[in-house]
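Predicted model, so just to flag it, every value in this text is computed and none were measured.
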Protein chains: 2
Amino acid sequence: MPDRTVADRLREAAFSLFAERGYDATSVEQIAERAGVGRSTFFRAYPTKEAVIFPDHDAVLARIEARLEAATPGQHFLAVREAARLALRHYLDEDDHARARYRLTRNVPALREREIAGMQRYQEVFRSFIRSWDVGSDPATARRVDLRAELLAAAVVTAHNHVLRRWLRGTTDAPEAEFDTAMAEVEQLFAAREPGGGHVVVLGPGADLDRALAAVREVLS
Amino acid sequence: MPDRTVADRLREAAFSLFAERGYDATSVEQIAERAGVGRSTFFRAYPTKEAVIFPDHDAVLARIEARLEAATPGQHFLAVREAARLALRHYLDEDDHARARYRLTRNVPALREREIAGMQRYQEVFRSFIRSWDVGSDPATARRVDLRAELLAAAVVTAHNHVLRRWLRGTTDAPEAEFDTAMAEVEQLFAAREPGGGHVVVLGPGADLDRALAAVREVLS
DNA sequence: GACAGGTTGATACTGAGTACGATAACAGCG
DNA sequence: CGCTGTTATCGTACTCAGTATCAACCTGTC
């Protein structure tokens, strides 16, 4: 592959130098030097030094938004789950590169902030989509729907990150299976509360069977 | 008050300059000049230019941790809710200052990242506390408890932020009342799943009465 | 007054990010 | 082939945040 692009060479040079001396101890000039280009060229390929580590957030975000746009009515949570799966798969495909980035973000506070900020962008996309499920009627329920949209978006991103981090740490070999169960957990938390979604019956500890059955009958009447 | 501290004068100078020219267009040198001190003194009072805006995150975090430490067994969620209330009250007490900071964080990406990172620290404190409710038994349930701790911590922080932002935007005059209902919402989402808490029966749309009753019978058997 | 400790401020340095202008590589086109 | 407009690259110079250092300056105390 003699036609590796300049951005590729810079990325490789950056990661190797970060592994050798650490992020802070590596200057952009050194990265450019190892890549065999000038310092100016680095900043043309990547807007900041941090950006060399987080290259394609925008692309992933665009794919997620496209998946959400294509949601079938009545299949909203499915759309959210599958959109989140796109993000997960993206990182799984990166493999070693994702792990190298994880090592860096673990140890360098500035990079950790950057990554968290990126996650917030995902969350906002999900929140906005989830919010659009319900058209606001009166202000009181609108407030409630706003909050629930934020909560569900946060839950989806949290569950995704939870599984992803376990895979990045090497704690699990079956991230996608864990993703499914984690998302099922999230769906169960929220599912029955969706409009037209059905009902939830909460049975406290020591629940009485007859009273429980009566409650279910009433709800479904 | 002739004995305003140097840090106070710097903070006031910084906010007035930020309001006049914006954050990026204001240099640390200009802040120091308006405060009547040297540039070195600024960095002795605040480690970074951003830190002049987020002064006492550590103090709030410490109060939250103290509140969680003092939790009565069996009153775990109460402890979490009241600890989160400490954070809310802190911002409410700041009043205009909190709103000024909010205006800045809305418009300056670097500051938004900073604030989000700060919120993540709260979330981690909550997560760690919530996780300690359950002692890990077998790996399978430990995983489940890990995820649920993250989800609940994220929900608490999200609900807190939701209410706080409404107040910062001037959308509500009764933030603490909204905080109570928001936290009740969060508690309801998670309540029934707590160990010894009972069961939740989820009935999908178009649920069949007989099958629902059968499910309840099985769960309570 | 002399001495010790802490605070300030000036200076100088590194490194990220921006702006700009010069030059080289590379089209297309006669 | 030669000319020309375009684009990539590079070097230079600049601003500013953040760090390190040292001299000057105020405290107080004996």
From [atom1] of [X] over to [atom2] of [N], roughly how many Å is that when rounded to an integer?
| X | N | atom1 | atom2 | value |
| --- | --- | --- | --- | --- |
| A:Ile53 | C:dA16 | CD1 | P | 12 Å |
| B:Phe42 | D:dC16 | CZ | C1' | 13 Å |
| A:Arg21 | C:dG15 | CZ | C1' | 14 Å |
| B:Asp24 | C:dA16 | CG | P | 19 Å |
| A:Phe43 | D:dC10 | CZ | C1' | 14 Å |

message: Using the rule given for ring-ring contact (aromatic ring centres under 6.0 Å, His included), can you reason through A:His160 versus A:Tyr122, listing the C-alpha separation, both sets of side-chain angles and the distance that settles it, and then say yes or no?
response: CA-CA 11 Å; A:His160 165 277; A:Tyr122 292 142; 7.2 Å; no
- prompt: Which of these nucleotides, D:dA17, D:dT9, C:dT8, is closest to any side-chain atom of B:Lys49?
  reply: D:dA17
query: Salt-bridged, B:Asp8 to B:Arg11, with N to O below 4.0 Å?
result: yes
query: Is the shortest side-chain N to carboxylate O distance from A:Arg89 to A:Glu176 below 4.0 Å?
result: yes
task: Any pair with a residue in residues 105-120 of chain A that passes salt bridge (charged side-chain N to carboxylate O under 4.0 Å, His left out), sequence neighbours left out, goes on the list, sorted by first then second residue, please.
output: A:Glu50-A:Arg114, A:Glu113-B:Arg114, A:Arg114-B:Glu113
message: Between A:Glu150 and B:Thr158, do the side chains contain a donor N or O and an acceptor N or O under 3.5 Å apart?
response: no
statement: Ranking A:Arg44 and B:Thr41 by the position along DNA chain C of their nearest nucleotide, the one closer to 5' is B:Thr41
- prompt: Where along residues 25-39 of chain B does a heavy atom fall under 4.0 Å from DNA chain D?
  reply: B:Thr26, B:Ser27, B:Val28, B:Arg39
task: Count the heavy atoms of every other residue, nucleotide or ligand shown that sit under 6.0 Å from CD of B:Glu82, and state whether that count exceeds 12.
output: yes
